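All ligand and atom numbering here is 1-based and tracks the order in the structure. This is a predicted model, so every value here is computed, not measured. FYI, the numbering just counts along the sequence from 1.
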Amino acid sequence: MILVTGGAGFIGANFVLDWLSNHDEPLINLDKLTYAGNLASLASLANNGRHIFVQGDIADGALVASLLEKYQPRAIVHFAAESHVDRSIHGPEAFLQTNIIGTFQLLQAARQFFATLSGQAAAQFRFLHVSTDEVYGSLAPDAPAFTEQHPYEPNSPYSASKAASDHLVRAWHHTYGLPVLTTNCSNNYGPLQFPEKLIPLMIHRGLMGEDLPVYGDGQNVRDWLYVGDHCTAIRRVLEKGTLGETYNIGGRAEMKNLDVVHTLCDLLDELRPKTKGASYRDQIRFVTDRPGHDRRYAIDSTRIATELEWKPSETFATGLRKTVQWYLDHEAWVDNVTSGAYRQWTQLNYQAREQDNQVEKK
Ligand code: NAD
Ligand code: TYD
């Protein structure tokens, strides 16, 4: 038995689905079901007795303690977080509450539970903390990619709160001996991602005939990893990672945002052509930049590749094609998650940016 937090979110749900199709071992899925958590993503598990879903908050120490005592998991895989940078700019408090206080409460409960274990159960227990490359800050265009030794220089409320949680996890290992592992991963994409993040947002808005809002000059670089590859990396770290260590995970797929959007438009033109030869590229608009927008992220994943023999199985081209096809095949899922609250968010985030609204110059 393992305990997963945030398993109704994008990466967590992909991890839960992968886990239950690759393992006999059951899991408890603790998720608060914020706007980002969707049980529709787990609908295929409705009759699966190995999936125990609990709606609750990781900051509820008593709840977490009772789950640990009842189910005696051999590991905690901690995904639950507030995860969207733009939302952290508009409302940082929820990020501090869940990412810092929530992680603190989870660590406390894990530490108390770990103290009750002995022998084999104590030796095998793991707390795996899922984090981001954004804790390292922004890279200059020619700087080497982030290694695990890169200094922490978070720039957004989101990345600052994740950096704080990484430090707490480290401290609970050094001070209390909790057997922890930390992973810092680059930008994920793939099925089940909420359409507020770049790739699903562009697919969704493209299909709706809406503007495709590119922040600033569109030259910011992200290093993209297909979510299924992130899940295999986490499983590998869980089974073989060295306690107390961190592992950077990335796809070696650095792309400028505008190139990502162009590639998405080209895939949509091919897979869902518009009438009269029009292109989805016509919908691209440059809008006001994100405040404090990090210019470039890139992950050096040498460590996990050499020590744990992990490498991604998708390229950006194969992963993106699969992703676009998934969104085309799952319009009901998208309709389900883009409720009234979603529309309020897009109004808040995009209305103020509209003043720039330059049409792309070809
Ligand atoms: P997400 O926003 O899609 O999902 C987060 C999930 O956590 C949701 O199901 C939500 O309901 C749940 N949650 C939020 N607050 C909670 C709380 N207080 N208690 C219990 N559950 C709560 O996020 P994601 O993109 O799946 O990211 C998962 C993890 O991976 C996060 O820790 C994130 O920082 C990290 N990460 C994400 C990316 C990425 O590109 N998405 C990259 C690297 C690391
Ligand atoms: P995002 O998916 O929010 O991930 P992160 O900020 O965590 O990297 O954004 C990815 C990149 O895309 C980032 O440089 C901001 C940019 N972006 C846009 O240009 N337009 C958008 O509407 C969004 C949501 C993001």
Seminar exercise, completed: Within 4.0 Å of some non-hydrogen atom of K197, the atoms of ligand 2 are 2 (O)
Exercise. Side chain or backbone of N187 under 4.0 Å from ligand 2, or both, or neither, by non-hydrogen atoms?
Worked result: side chain
Exercise. For ligand 1, does A59 get within less than 4.0 Å through its side chain, its backbone, both, or neither, judged by non-hydrogen atoms?
Worked result: neither
Exercise. Does any N or O atom in N38 lie less than 3.5 angstrom from one in ligand 1, N or O only?
Worked result: no
Problem set entry | Ion pair E239/R74, N-O distance below 4.0 Å | yes
For this session: For ligand 1, note which part of Q97 has a heavy atom under 4.0 Å away: side chain, backbone, both or neither.
Result: neither
Problem set entry | Residue part near ligand 2, for T132, under 4.0 Å between non-hydrogen atoms | neither
Problem set entry | Heteroatom distance test (T34, ligand 1): nitrogen or oxygen, under 3.5 angstrom | yes
Exercise. Which of the numbered atoms in ligand 2 are below 4.0 angstrom from a heavy atom of Y350?
Worked result: 21 (C), 22 (O), 23 (C), 24 (C)
For this session: Find all atoms of ligand 2 within a distance of less than 4.0 Å from any non-hydrogen atom belonging to L201, and give their numbers and elements.
Result: 22 (O)
Exercise. Any idea which protein heavy atom is nearest atom 8 (O) of ligand 2, and the distance to it?
Worked result: R222 NE, 2.7 Å
Exercise. Does C185 reach ligand 1 with a nitrogen or oxygen that is under 3.5 Å from one of the ligand's nitrogen or oxygen atoms?
Worked result: no
For this session: Using distance alone, decide if ligand 1 has a nitrogen or oxygen within less than 3.5 Å of any nitrogen or oxygen in A80.
Result: no
Problem set entry | Side chain, backbone, both or neither: Y158 near ligand 1, heavy atoms under 4.0 Å | side chain
Exercise. Is it the case that Y215 and N257 place a side-chain donor and acceptor less than 3.5 Å from each other?
Worked result: no
Exercise. Within the structure, does H230 bring an N/O atom to less than 3.5 angstrom of an N/O atom in ligand 1?
Worked result: no
For this session: Around atom 2 (O) of ligand 1, find the nearest protein heavy atom and jot down its residue, atom name and distance.
Result: S83 OG, 2.6 Å
Exercise. How does S131 reach ligand 1, by side chain, by backbone, by both or by neither, if only non-hydrogen atoms under 4.0 Å count?
Worked result: backbone
Exercise. Who's the nearest protein heavy-atom neighbour of atom 19 (O) of ligand 2, and how far?
Worked result: Y215 N, 2.9 Å
Exercise. Short N/O distance, under 3.5 Å, between T132 and ligand 1?
Worked result: no
For this session: Would you please indicate if the ring centroids of F127 and F114 are separated by under 6.0 Å?
Result: no
Exercise. At a 4.0 Å threshold, what atoms of ligand 2 neighbour a non-hydrogen atom of H84?
Worked result: 3 (O)
For this session: Select one of side chain, backbone, both or neither to describe which atoms of L33 lie under 4.0 Å from any atom of ligand 1, heavy atoms only.
Result: backbone
Problem set entry | N or O contact, Q193 vs ligand 1, cut-off under 3.5 Å | no
Exercise. Below 3.5 angstrom, do we get any N/O pair linking V85 and ligand 2?
Worked result: no
Exercise. Does the separation of the ring centres of H167 and W172 fall below 6.0 angstrom?
Worked result: no
Problem set entry | Cation-pi check, R303 onto Y247 ring (under 6.0 Å, within 45° of axis) | yes
Exercise. Counting both backbone and side chain atoms, is some N or O of Y35 under 3.5 Å from an N or O of ligand 1?
Worked result: no
For this session: Considering heavy atoms of the protein only, find what lies nearest to atom 40 (O) of ligand 1 and give residue, atom and distance to 0.1 Å.
Result: N188 N, 2.8 Å
Exercise. Under 3.5 Å, is there a donor-acceptor pair linking the side chains of Y342 and E196?
Worked result: no
Problem set entry | Identity and separation of the nearest protein heavy atom to atom 8 (C) of ligand 1 | D31 OD2, 3.5 Å
Exercise. Relative to the heavy atoms of E196, which atoms of ligand 2 are at a distance of less than 4.0 Å?
Worked result: 24 (C)
Problem set entry | F10-F79 aromatic ring centre distance below 6.0 Å | no
Problem set entry | side-chain contact (heavy atoms from CB on, under 4.5 Å), paired with L30, selected from D57, D60, I52, L63 | L63
Seminar exercise, completed: Under 4.0 Å between heavy atoms, the region of N257 that gets near ligand 2 turns out to be side chain
Exercise. Which atoms of ligand 2 have any heavy atom of H293 under 4.0 Å away?
Worked result: 13 (C), 14 (O), 15 (C)
Exercise. Between Y35 and F194, does the ring centroid distance fall short of 6.0 Å?
Worked result: yes
Exercise. Which of the atoms of ligand 2 are close to V214, meaning less than 4.0 Å from one of its heavy atoms?
Worked result: 19 (O)
Problem set entry | Side-chain donor-acceptor pair present, Y226, N14, cut-off under 3.5 Å | no
Seminar exercise, completed: Of M255, E134, R87, the one whose closest heavy atom lies nearest atom 5 (P) of ligand 2 is E134
For this session: Flag the pair R321 and D266 as a salt bridge only when some basic side-chain nitrogen lies within less than 4.0 angstrom of an acidic carboxylate oxygen.
Result: no
Problem set entry | Student check: side-chain heavy atoms of R50 and E25 closer than 4.5 Å | no
Seminar exercise, completed: atom 19 (N) of ligand 1 sits nearest the protein heavy atom I58 N, 3.0 Å
Exercise. If you round to the nearest 0.5 Å, how far is CD of E331 from CG of N336?
Worked result: 13.5 Å
Exercise. Going by an N to O cut-off under 4.0 Å, is there a salt bridge joining R87 and E82?
Worked result: no
